[in-house]
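Start at 1 and go down the list; that is how both ligands and their atoms are numbered.
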Amino acid sequence: MISRREWLYGAGALAGAARLSGASETSDHGTHSEPRKASGKPAPLPLAEYEPKSMLQVKETHIERAQFPAIDIHTHISFSKKAQNGVQLSAEREYLGTPEELLEVMDRKNLRAMVNLTGGYDEGLKDAVTKYDKAHPGRFFTFTEPCYERFEQPNYPQLQADAIERAHRNGARGLKILKTLGLYLRENITSGPLVKIDDKRFDPMWDACGRLNIPVAIHVSDPVAFFLPTDRFNERFEELNNHPDWSFYDHDFPSNAELLERRNRVFARHPQTQFIVLHVGNFAENLENVSENLDHFPNMTVDIAARIGELGRQPRTARKFFEKYQDRILFGTDATPHGDEFPQQVFNDKLYEI
Ligand SMILES: [Zn+2]
């Protein structure tokens with residue numbers, strides 16, 4: 001059984017926890033290895049050291065393999081070799097796992113196919129399609145991404161629409177939008193004012209996807225807690241405390257509500273384009289809001305990637321949501337081979353068993 005701490009963190013953060021415990025040994029409060037005495041004051045316990053063991057004695061059903069073959073719509077097998085201030089700037093790909101090692105897990109779990117969303121563009125995309133999709137037909141599908149390197153060129157809107165056509169010819173099965181759009185891409189690419197999600201310069205790109213009948217997998221915003229102060233009331237305190245750069249609180253970042261509103265304008269303006277709104281419509285904390293949007297936008301579907309924590313804490317509401325929208329919810333995990341920095345999404349057997 002995976003412990004809460006392994007689940008939340010992974011190796012990097014555990015090293016941080018060890019440092020913390022080292023510091024507490026010199027304090028006069030005692031350490032985690034010293035249980036609290038029956039009398040006296042309660043001993044402070046650093047949050048990073050808290051690893052409660054469940055006392056529940058209840059039957060568990062361990063599912064090792066999907067009953068029916070599944071497609072994971074949301075994985076990251078490759079990444080851009082170069083990025084600056086959150087903007088990926090290179091077509092060239094870095095690969096996180098070989099097809100052979102991925103196929104072993106896929107076959108064990110009855111995973112028919114993995115969709116690699118971050119396939120890049122130009123030569124990088126061609127390379128990824130050759131190494132995965134063409135080498136193992138039906139097991140891997142690759143999506144393209146916008147080329148933000150060219151964003152400052154005056155004819156960017158048309159260039160980007162043409163790039164989608166070219167990517168499609170080269171084997172891309174959809175377009176992926178990272179949260180770069182709305183939170184990182186700026187007028188001078190890595191500096192200047194933030195570019196808005198509904199910026200008209202992207203209209204030809206959305207339309208090209210509609211025309212070619214390829215879906216847009218879009219990640220907008222992030223968990224709501226990332227937009228709030230990293231304090232003792234924040235439900236993702238440990239994560240944000242370990243990765244301060246994940247916080248969008250303050251600075252010049254728009255609010256979560258503004259990001260979603262601008263995203264919705266894109267859906268309304270491009271009814272012929274299909275949008276897969278990742279991470280439970282980017283608002284797993286509020287399934288009522290996601291339901292309203294699904295009712296309002298017939299060109300919208302969602303996936304469930306990396307939001308098991310949100311869905312699991314509202315089991316009855318989540319169940320109703322799944323039953324009502326069962327043909328518009330895609331299976332996705334955000335699986336990242338060797339992605340130890342993102343403990344919720346490390347590609348392995350356990351990820352799929354959960
Ligand atoms: Zn992802």
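Closest approach between the Zn ion (ligand 1) and any N/O/S atom of D334 involves OD1.
Looking only at distances, no side-chain donor or acceptor of T144 sits under 3.5 Å from a matching main-chain atom of L175.
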### Check against salt bridge (Lys or Arg N to Asp or Glu O under 4.0 Å), D199 and R262
CA-CA 9 Å; D199 192 295; R262 290 189 183 277; over 6 Å; no
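Under 2.8 Å from the Zn ion (ligand 1) lies an N/O/S atom of H76, whether from backbone or side chain. Not one N, O or S atom of H219 sits under 2.8 Å from the Zn ion (ligand 1).
Taking the six-membered ring wherever Trp is involved, the centroid distance between the rings of Y132 and Y95 falls below 6.0 Å.
Using bins of under 30°, 30° to 60° and over 60° for the plane-to-plane angle, the ring pair F297/F267 lands in the perpendicular bin.
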